[in-house]
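Beneath this line is the structure, given in structure tokens, with notes to follow.
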There are 4 protein chains.
Amino acid sequence: MPMAGSLAERTLARPAFEAAFAAPAFVRAMLDFESALAAAQAAEGLIPADASRAIAAACKAIEIDVEALVAEGKRSASLAVPLVRMLREKVGEAHGAHLHRGATSQDVLDTAMALCLKPCLEETDRALEAAVRSLARQAREHRATPMLGRTLLQPALPITAGLKVARWAVALARDRERLAEAAEAGLAVQLGGAVGALEGMGECGPAVRHRLAMALGLADARAWHVHRNDWLDLLGRMAQVVATAGKIARDVALASQPEVGEMREAPPKAGVGASSAMPHKRNPVGCAHALAAATRMPGLLAIVHTGAIPEHERALGGWQAELATVPQMADALGASIDFLETIAASLVIDAPSMKKNLEAHGDGVPAAGLAAATDELLADLASYLT
Amino acid sequence: MPMAGSLAERTLARPAFEAAFAAPAFVRAMLDFESALAAAQAAEGLIPADASRAIAAACKAIEIDVEALVAEGKRSASLAVPLVRMLREKVGEAHGAHLHRGATSQDVLDTAMALCLKPCLEETDRALEAAVRSLARQAREHRATPMLGRTLLQPALPITAGLKVARWAVALARDRERLAEAAEAGLAVQLGGAVGALEGMGECGPAVRHRLAMALGLADARAWHVHRNDWLDLLGRMAQVVATAGKIARDVALASQPEVGEMREAPPKAGVGASSAMPHKRNPVGCAHALAAATRMPGLLAIVHTGAIPEHERALGGWQAELATVPQMADALGASIDFLETIAASLVIDAPSMKKNLEAHGDGVPAAGLAAATDELLADLASYLT
Amino acid sequence: MPMAGSLAERTLARPAFEAAFAAPAFVRAMLDFESALAAAQAAEGLIPADASRAIAAACKAIEIDVEALVAEGKRSASLAVPLVRMLREKVGEAHGAHLHRGATSQDVLDTAMALCLKPCLEETDRALEAAVRSLARQAREHRATPMLGRTLLQPALPITAGLKVARWAVALARDRERLAEAAEAGLAVQLGGAVGALEGMGECGPAVRHRLAMALGLADARAWHVHRNDWLDLLGRMAQVVATAGKIARDVALASQPEVGEMREAPPKAGVGASSAMPHKRNPVGCAHALAAATRMPGLLAIVHTGAIPEHERALGGWQAELATVPQMADALGASIDFLETIAASLVIDAPSMKKNLEAHGDGVPAAGLAAATDELLADLASYLT
Amino acid sequence: MPMAGSLAERTLARPAFEAAFAAPAFVRAMLDFESALAAAQAAEGLIPADASRAIAAACKAIEIDVEALVAEGKRSASLAVPLVRMLREKVGEAHGAHLHRGATSQDVLDTAMALCLKPCLEETDRALEAAVRSLARQAREHRATPMLGRTLLQPALPITAGLKVARWAVALARDRERLAEAAEAGLAVQLGGAVGALEGMGECGPAVRHRLAMALGLADARAWHVHRNDWLDLLGRMAQVVATAGKIARDVALASQPEVGEMREAPPKAGVGASSAMPHKRNPVGCAHALAAATRMPGLLAIVHTGAIPEHERALGGWQAELATVPQMADALGASIDFLETIAASLVIDAPSMKKNLEAHGDGVPAAGLAAATDELLADLASYLT
């Protein structure tokens with residue numbers, strides 16, 4: 001089996017997120033769409049129950065030749081065209097005509113995209129929860145640990161380590177809420193047919209779509225083939241998580257400079273952060289991943305916004321660009337999650353170094369109110385501190 | 001007074017949105033911040049009531065030399081530094097020390113930015129409402145007007161004009177909801193002081209911030225100087241409006257090609273859409289504005305996301321980039337609103353041309369279900385159709 | 001072997017370009033670097049000839065476990081760290097210490113990136129040449145074929161089909177020149193060692209680097225690990241090719257609308273441009289690919305520019321983002337090349353339709369000067385018309 | 001006169017660059033185009049000499065009402081339409097018909113854009129030269145000053161301060177060359193008429209264009225209204241200068257952290273870098289400007305690339321987006337130049353701090369070869385060291 005995907009990119013990817021959009025998962029998502037569509041249509045009496053069963057069986061049994069799928073998909077600018085053809089052959093003549101009834105390529109592909117993104121978002125939700133919990137605990141522990149506040153990379157007034165970390169945690173908790181909210185609307189089934197109006201299913205189109213959504217665990221929604229802002233909103237909120245992780249990584253990396261020495265993403269560990277030129281060195285690898293992700297995400301977000309100006313009832317080029325870009329966005333999100341897991345597990349806060357820098361470069365001690373300000377943030381995090 | 005701002009850019013801007021961030025309005029917003037801050041602090045007993053009154057009077061009376069403000073602001077990379085200095089001179093020695101108490105430059109500037117954006121969003125809300133109302137009415141009227149559906153710029157199955165227009169309207173209505181929701185969280189006061197912890201106001205910091213927010217008509221919120229995702233979310237939703245307007249403009253412009261001839265953004269009108277080389281020509285000017293905005297917005301959104309990875313307690317560069325970019329985003333939004341107002345007032349739908357093209361290039365008539373599909377969308381728009 | 005890379009992305013990729021950055025090619029490039037480095041160092045007397053031979057043999061014989069490489073590379077944020085470790089084991093104790101002498105991870109990875117990009121650019125050069133040749137011939141043939149010129153999607157004055165196509169050809173020819181020029185400087189060897197100063201090779205560092213460059217077929221250049229503008233320039237010029245192809249695709253797609261009917265990217269062909277919902281339909285698939293590429297490229301270019309602000313002697317995050325993005329840029333370039341090959345082989349120009357539209361929507365005939373203007377452009381293309 | 005342009009943006013702008021695109025300069029550039037065009041056409045016998053003189057006189061005498069120009073320009077999506085109308089009135093009936101002969105709006109606007117950008121690039125060239133000279137001298141002085149090399153924000157092997165600074169200088173010198181080269185092709189006259197073929201000037205079109213170019217000090221070039229890659233190339237190279245300045249600023253800002261203390265952009269100076277909250281503080285203002293510019297530029301570059309996929313013989317939206325974006329790019333370049341002037345005048349290098357950090361966090365002294373490596377770079381800079 002030939003390798004696909006650039007190797008260098010893979011070093012930045014979280015394996016589960018990479019797998020989520022790789023051929024086996026994506027093909028599976030497309031087959032799930034076809035199988036669930038047939039079942040929904042059978043339930044509504046649009047196609048015979050026998051056909052639905054034959055389609056389900058074929059979807060289960062078929063082994064897709066991925067290289068053929070890609071080559072043929074390239075010729076039609078759509079993976080769905082060859083997939084339906086291959087699947088129809090497998091289903092056989094008796095029932096093949098009932099397959100993909102009233103659906104169009106974009107229905108399969110958009111739904112598959114949502115299905116592939118879904119586990120990534122579930123994993124993100126869990127990782128965010130764990131990161132907030134861990135950071136909130138650290139913030140509570142260090143609510144009164146004095147350190148230098150810094151603005152424009154120069155010393156400002158003192159803060160506490162707890163305040164800094166509590167801010168990270170509150171930001172992540174808020175990102176988590178927003179992401180969950182957007183996922184509810186954005187992870188929706190796409191079903192519209194040739195021009196998006198369910199025109200091929202008569203009166204029971206909406207009912208079929210609803211059954212399909214329920215079967216696939218996605219939201220039921222009007223066709224979003226050309227008005228994609230719920231989906232863009234979700235992608236934008238993924239970008240917000242990446243930005244917050246990038247901000248935390250920037251802070252940690254700056255604090256890890258040996259002249260500063262106030263934080264580390266993790267205690268030194270064999271094999272992590274090794275350098276090929278300097279064996280003694282330990283690089284802040286998690287920070288590098290999160291900052292690389294934060295560098296990539298804005299440009300990727302620009303691409304999906306640029307692509308979202310489709311022509312008439314289906315885009316020529318813009319939507320296709322999105323298909324290639326969403327997996328990249330998932331990769332960037334995955335790298336950020338990797339980093340958040342690292343610091344959730346093992347962020348090191350060096351209070352003595354903080355004290356030393358504060359004495360050397362700051363004036364005064366943190367205002368009495370700072371621990372209180374930290375407590376106020378911690379109150380927002382109460383549900384994470386149980 | 002020297003002119004500022006690039007001339008070419010101004011041709012694309014909506015005057016009210018341009019004015020919202022121009023010197024008079026921005027200076028006024030900064031002065032409003034200082035005045036309301038003093039009033040809030042006096043109410044909480046932090047500064048004398050006399051000082052608050054003197055500050056309010058000075059904020060009212062002062063005439064800021066904008067060129068001096070800009071020149072000095074450049075040297076400190078902050079407009080707030082010279083503004084506070086100038087204002088303190090005006091307030092005079094007796095009360096000057098009470099000015100800007102516990103605040104920092106970013107507090108003034110972020111709050112001013114939110115204050116300047118606010119009327120733009122209110123105007124956007126009104127314009128979106130009007131556009132949805134108008135388009136919904138057109139959709140209802142043309143619910144059964146057959147036309148060619150087109151995908152990848154090729155004929156697909158027939159649709160109705162009502163369906164197409166109803167989709168635009170539903171998308172705009174949804175964008176409007178989302179924008180309003182984001183504005184509620186994103187148009188927030190910024191007050192944090194040197195390191196964002198209200199450390200200069202003792203225990204009454206949160207109460208001062210709350211009073212300040214109420215006085216300025218902004219949401220009360222924890223300092224967002226370094227964790228800016230509520231703000232980014234708002235900017236992202238502005239971008240969604242621009243994308244929808246761009247999509248509609250693309251459709252209208254394509255439909256306005258004389259070979260197609262199905263729509264026009266407005267009936268021909270003297271002076272609008274004139275060409276310097278071909279006096280007889282009428283260009284789709286509103287579409288040009290909306291598509292230019294849609295071309296600009298994704299890159300601008302990328303900039304604010306890139307800038308949102310700040311160092312420690314205040315960014316070096318990233319935030320400053322945002323200050324220059326948000327007014328551009330408002331301009332792009334304004335141009336989109338201009339377009340939406342144009343089509344709300346005078347979109348021309350040419351049913352006979354639609355019929356002709358459908359007969360020439362399509363096969364069949366719209367499925368019976370299409371008018372029903374349109375009605376389903378219109379039901380979503382019921383509140384706009386009263 | 002697990003699949004990597006998102007499936008949807010692959011439908012847009014040119015197989016040869018995709019393969020250029022996939023695991024086998026990228027690993028081979030890294031091994032070629034190590035092997036040629038050892039040979040160069042042996043030639044300069046830095047390491048024993050025996051060691052160089054042993055390293056060359058190991059590079060030839062080793063079978064890299066890609067999944068292990070990726071997993072370990074992730075832990076060090078560098079593929080080079082595990083590659084060198086694995087290779088050192090293969091070389092054995094006697095000579096292993098001579099491997100990778102004075103080099104650092106970025107040396108291996110940047111050089112590998114250049115090596116992988118090189119065949120893509122060579123293929124691009126050939127495809128551009130062929131496209132210019134073919135378009136120049138079509139332009140000559142249609143130098144006096146009248147058609148409607150169109151501005152802002154409205155009829156303007158008449159032009160000739162030859163003029164339009166000659167412009168495309170001249171633009172591609174100029175892009176080709178510029179790309180070749182940039183490739184000369186940008187496809188350079190990277191060799192600098194830990195801090196980029198060849199500090200581990202004494203006086204013969206530059207000589208080693210020169211030998212390495214010659215052996216690998218790359219330009220010799222000062223270390224560009226942190227000042228990457230020659231490389232960015234090359235990537236920017238790739239983006240220019242994609243933009244020109246996108247412009248041509250937009251023109252062809254607009255001209256392919258049946259109401260216009262003046263051009264097609266190719267005559268109808270079984271299996272190409274098929275639709276999963278409408279078997280009779282033929283989509284302009286090449287245009288879709290080129291326009292998708294043109295949608296992606298600007299955001300990708302923004303990413304590599306954003307990443308090019310590295311910290312000190314090696315970036316934290318920005319450079320790593322580039323490693324993931326350059327293969328995407330190659331993919332976008334590849335999709336553009338696919339499109340150019342399609343139109344070079346089979347662009348259809350429909351002169352009667354052009355005449356009909358001109359008569360219906362234009363006034364007058366093309367100015368006498370237009371064929372002359374076309375000839376002037378054709379003169380620039382003389383070398384392509386032999 | 002109402003103010004235009006966002007105030008916050010102006011704090012980041014270099015006054016001369018801001019002025020270059022403001023109304024007086026842009027109107028002047030458009031008038032210069034019309035005046036020089038008439039003169040060129042008179043010289044070629046296309047229009048009477050009297051008409052040319054009358055046009056020149058009108059261009060000199062006219063006072064344009066900028067607000068009316070903007071308002072009317074908005075209605076036609078082109079500043080040139082009202083300008084020509086106003087100017088034609090001023091010229092009077094006798095000769096007015098000879099004005100703007102054979103030209104179109106985009107001719108005026110693209111040429112004006114090039115004319116406005118030209119002095120910015122000349123100033124950039126001078127500033128780059130001065131910065132390279134100054135940095136080269138500092139590099140020579142510190143060729144053997146040891147300091148810590150740092151990769152991924154962690155200590156790597158030692159380097160010399162001279163090496164670091166020489167690298168900056170070489171990068172800027174190379175950027176300067178590349179920019180000058182691109183300006184030669186990119187700062188070109190635009191003259192094509194309604195469909196870009198000089199169709200309104202008969203056989204003497206190219207001669208008129210040549211005269212026009214010479215008169216305006218621009219390159220003569222085929223119409224680039226829709227194939228804009230020479231211009232994009234120039235904009236891309238401006239972005240490269242901004243990236244290099246951003247990289248230097250990042251290094252200086254990191255070195256200015258008091259815990260590091262190795263560099264400052266300038267000695268402390270009254271009023272520069274002041275904080276509104278902490279009077280004792282000195283912010284690295286030049287670095288903030290350069291980093292803000294480097295944050296903005298990639299997104300702006302993405303916009304002009306996105307806009308460069310025009311429809312047929314003139315774009316609908318994409319080109320208009322560029323008109324608003326190029327002045328922003330000039331602003332970002334200007335801010336970078338400001339920073340480079342600051343460090344050219346007064347970069348502080350603190351050799352004792354470098355020594356201290358090296359001893360505390362590095363191991364060993366710089367390799368003997370490092371001063372030689374610096375000398376090698378200095379040799380490249382020989383012409384700047386005289």
Side-chain angles (χ1 to χ4, degrees), chain C residues 149-153 156-157 159 163 167 170-171 174-175 178 194-195 197-200 202-203 205-206 222 226-227 229-230 232-233 236-237 239-240 243-244 246-247 250-251 254 291 294 297-299 301-303 305-306 308-316 366-367 369-370 372-373 376-377, chain D residues 149-153 156-157 159 163 167 170-171 174-175 178 194-195 197-200 202-203 205-206 222 226-227 229-230 232-233 236-237 239-240 243-244 246-247 250-251 254 291 294 297-299 301-303 305-306 308-316 366-367 369-370 372-373 376-377:
Chain C
R150 294 172 176 99
T151 57
L152 291 90
L153 282 184
L157 299 185
I159 58 171
L163 182 68
R167 279 178 180 158
V170 168
R174 180 86 182 96
D175 287 344
R178 259 195 306 250
V195 290
L198 291 170
E199 66 285 347
E203 284 181 19
R222 298 276 160 68
V226 287
H227 290 290
N229 282 353
D230 275 314
L232 282 195
D233 203 56
R237 285 178 168 186
Q240 292 166 15
T244 302
K247 189 268 183 288
R250 180 156 283 174
D251 283 1
L254 289 169
L291 287 167
M297 203 61 162
L301 185 61
I303 293 172
H305 269 263
T306 299
I309 320 291
E311 294 84 0
H312 296 312
E313 280 64 63
R314 187 160 350 276
L316 181 75
L370 281 178
E376 204 190 350
L377 293 173
Chain D
R150 295 171 176 98
T151 56
L152 293 90
L153 282 183
L157 298 185
I159 58 170
L163 181 69
R167 278 176 181 161
V170 167
R174 180 88 181 94
D175 286 343
R178 259 194 307 247
V195 290
L198 291 170
E199 66 286 347
E203 283 183 18
R222 298 276 161 69
V226 288
H227 290 289
N229 281 354
D230 275 313
L232 281 196
D233 202 56
R237 285 178 169 186
Q240 292 167 13
T244 304
K247 189 270 182 287
R250 181 155 281 174
D251 282 2
L254 288 168
L291 287 167
M297 203 62 161
L301 185 61
I303 293 171
H305 270 263
T306 300
I309 319 292
E311 292 85 0
H312 296 312
E313 281 62 64
R314 188 161 349 279
L316 181 75
L370 281 178
E376 204 189 352
L377 293 173

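Computed from a predicted structure; not experimentally measured. Each chain gets a letter, A, B and so on, in the order its sequence line appears, and its residues count up from 1.
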Worked check of side-chain contact (heavy atoms from CB on, under 4.5 Å) between C/Glu199 and D/Leu157: CA-CA 9 Å; C/Glu199 66 285 347; D/Leu157 298 185; 3.9 Å; yes
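- Neither the backbone nor the side chain of D/Glu203 comes within less than 4.5 Å of any heavy atom in chain C.
- Contact detail for D/Gly149 and C/Val195: the closest heavy-atom pair is CA-CG1, 4.1 Å.
- A 4.5 Å side-chain heavy-atom check between D/Asn229 and C/Arg178 finds at least one atom pair inside the cut-off.
- In this structure, the side chains of C/Thr151 and D/His312 stay at 4.5 Å or more apart for every pair of heavy atoms.
- When D/Leu301, D/Leu153, D/Asp230, D/Leu163 are compared by the number of non-hydrogen pairs under 4.5 Å with chain C, D/Asp230 comes out ahead.
- Here D/Arg167 contributes atom CZ and C/Glu313 contributes atom CD; the two are 6.0 Å apart, rounded to the nearest 0.5 Å.
- Looking at C/Leu291, only its side chain comes within 4.5 Å of chain D, counting heavy atoms on both sides.
- We find that D/Arg222 and C/Glu376 are joined by a salt bridge, their nearest charged nitrogen and carboxylate oxygen being less than 4.0 Å apart.
- A salt bridge links D/Arg250 with C/Glu311: the closest approach of a Lys/Arg side-chain nitrogen to an acidic carboxylate oxygen falls below 4.0 angstrom.
- Going from atom OG1 of C/Thr244 over to atom CG of D/Leu232 covers 8.5 Å, rounded to the nearest 0.5 Å.
- Only the side chain of C/Ala373 comes within less than 4.5 Å of a heavy atom of chain D; its backbone N, CA, C and O stay farther away.
- C/Asp175 touches chain D through its side chain: at least one heavy atom from C-beta onward sits under 4.5 Å away, while N, CA, C and O do not.
- With a threshold of 4.5 angstrom between heavy atoms, C/Ala243 approaches chain D through its backbone and through its side chain.
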Derivation of the side-chain contact (heavy atoms from CB on, under 4.5 Å) call for D/Val170 and C/His227: CA-CA 9 Å; D/Val170 167; C/His227 290 290; over 6 Å; no
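- D/Pro310 places a side-chain heavy atom less than 4.5 Å from the side chain of C/Lys247.
- Residues C/Met297 and D/His305 are not in side-chain contact: their nearest non-hydrogen atoms beyond the backbone lie 4.5 Å or more apart.
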